[in-house]
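Reading through the structure tokens given below for one structure.
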Amino acid sequence: MAGVIALVVAAGRGSRVGGDRPKQYVPLAGTPLLRHTLARLAAHPAIDAVQPVIHPDDRATFDAVADGLDVLAPVDGGASRQDSVHRGLEALAGHNPEAVLIHDGARPFPGNELIDRVLAALTDHAGVVPALPVSDTLKRADGRRIAETVPRGDLWHAQTPQGFRYPAILAAHRGADGSPASDDAALAERAGCALAVVDGSTENVKVTTRDDIARVERWLAGGAETRTGTGFDVHAFGDAAGPVRLCGVDIPSERGLAGHSDADVGLHVLVDALLGAIGAGDIGEHFPPSEDRWKGADSAAFVAHALGLLEQRGAAIVNVDITLLCERPKVGPHRAAMRERVAELLDLAEERVSVKASTTERLGFLGRGEGIAAQAVASLRLPGS
Ligand code: MG
């Protein structure tokens with residue numbers, strides 16, 4: 001389906017978990033809750049744009065939390081969730097998307113497969129609600145006195161993202177009579193839309209209380225796995241004069257390196273190691289050397305792309321270790337600058353970054369000074385599944 005925008009509702013003031021901060025800005029495993037949510041939606045290949053709806057008082061906090069993420073400028077929400085969604089939908093009129101996914105900012109793990117299920121069902125329905133079947137026995141009580149057992153066979157726990165054809169949900173919000181609806185599907189039901197239910201996900205939890213934070217963090221830590229990726233690359237010296245760029249730093253050299261982009265062999269192996277650790281192919285697949293637009297490109301852009309893929313998987317870099325192999329130029333004196341630059345590109349503490357230099361004792365093509373080789377190892381920590 002073309003033209004899908006995710007509308008993320010994060011305008012609430014609820015601070016049950018965060019002390020003075022609304023809960024969507026509270027750190028979850030070191031990253032603000034809302035950033036987890038936005039990053040996953042922004043990275044989904046079928047989602048064309050992410051539209052956050054926030055409280056106007058939170059603008060500065062939001063800007064810090066969403067720094068570097070590919071999301072639209074936030075829209076100010078209203079007094080209620082329903083009002084906030086309505087404002088967000090109206091703000092999308094200029095985009096006129098085919099479909100919107102309306103998602104709670106406090107659900108940090110909308111999995112890719114869950115989103116795929118919602119979008120797939122949207123081709124046949126005006127609206128789609130992901131939900132989990134109710135498995136506990138349900139009681140209706142009069143105070144503390146049980147009145148009856150409620151049949152649960154056809155009952156579901158509704159989640160988000162709820163998917164809608166954009167014109168249908170916009171019309172439902174515009175036509176709402178003012179009586180509160182607990183979710184967007186409720187408004188669409190009242191407007192007469194035919195809605196479908198698809199399987200939700202147990203990981204797609206709504207983080208509401210301090211207990212929820214602690215439980216999700218235990219879950220993330222308990223199931224965490226460590227991944228390792230490696231990279232290897234060689235670039236030959238070309239006819240052009242130096243400098244050579246290695247690990248993002250220009251180093252004086254008689255001759256420059258030939259090849260893909262700015263020929264930064266150090267960053268190329270770093271990207272391959274990061275991609276390798278999440279099984280996401282290699283640098284050539286993501287940035288084909290045959291495409292002219294990568295000619296001379298700053299390889300820092302490839303690193304940023306790899307980081308986006310890591311963020312989509314919730315992966316954190318544990319450490320990276322890069323070795324550069326050549327006789328000349330002498331790279332040793334530039335190691336500190338290269339390490340600093342790589343740490344900056346990865347937004348990582350320098351003690352988690354290593355850049356080393358070695359030679360092949362004048363043996364082989366490297367020994368003859370025909371090019372520069374590099375290898376890298378990256379270790380990542382991924383949340384459990
Ligand atoms: Mg290369």
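By convention here, the first residue in the shown sequence is residue 1. Every heavy atom of this structure was used, including side-chain atoms; hydrogens, water molecules and symmetry mates were not. Every number for a ligand or one of its atoms is a count from 1 in the order of the listing.
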Hey, do the aromatic rings of His55 and Phe62 have their centres closer than 6.0 Å? no

- Query: Does His260 put an N, O or S atom under 2.8 Å from the Mg ion (ligand 1)?
  - Reply: no

Short N/O/S contact of Asp233 with the Mg ion (ligand 1) (below 2.8 Å): yes

**Q.** Plane angle bin for Phe302 and His260 - parallel if under 30°, tilted between 30 and 60°, otherwise perpendicular
**A.** tilted

Heavy-atom count check: over 12 atoms from other residues, nucleotides or ligands less than 6.0 Å from Glu361 CD?
no

Checking distances from the Mg ion (ligand 1), one finds that the N, O or S atom of His268 closest to it is ND1

Here the N/O/S atom of His235 closest to the Mg ion (ligand 1) would be NE2

Using modelled atom types and a 3.5 Å cut-off, is there a donor and acceptor pairing between side-chain atoms of Asp104 and backbone atoms of Ala106? no

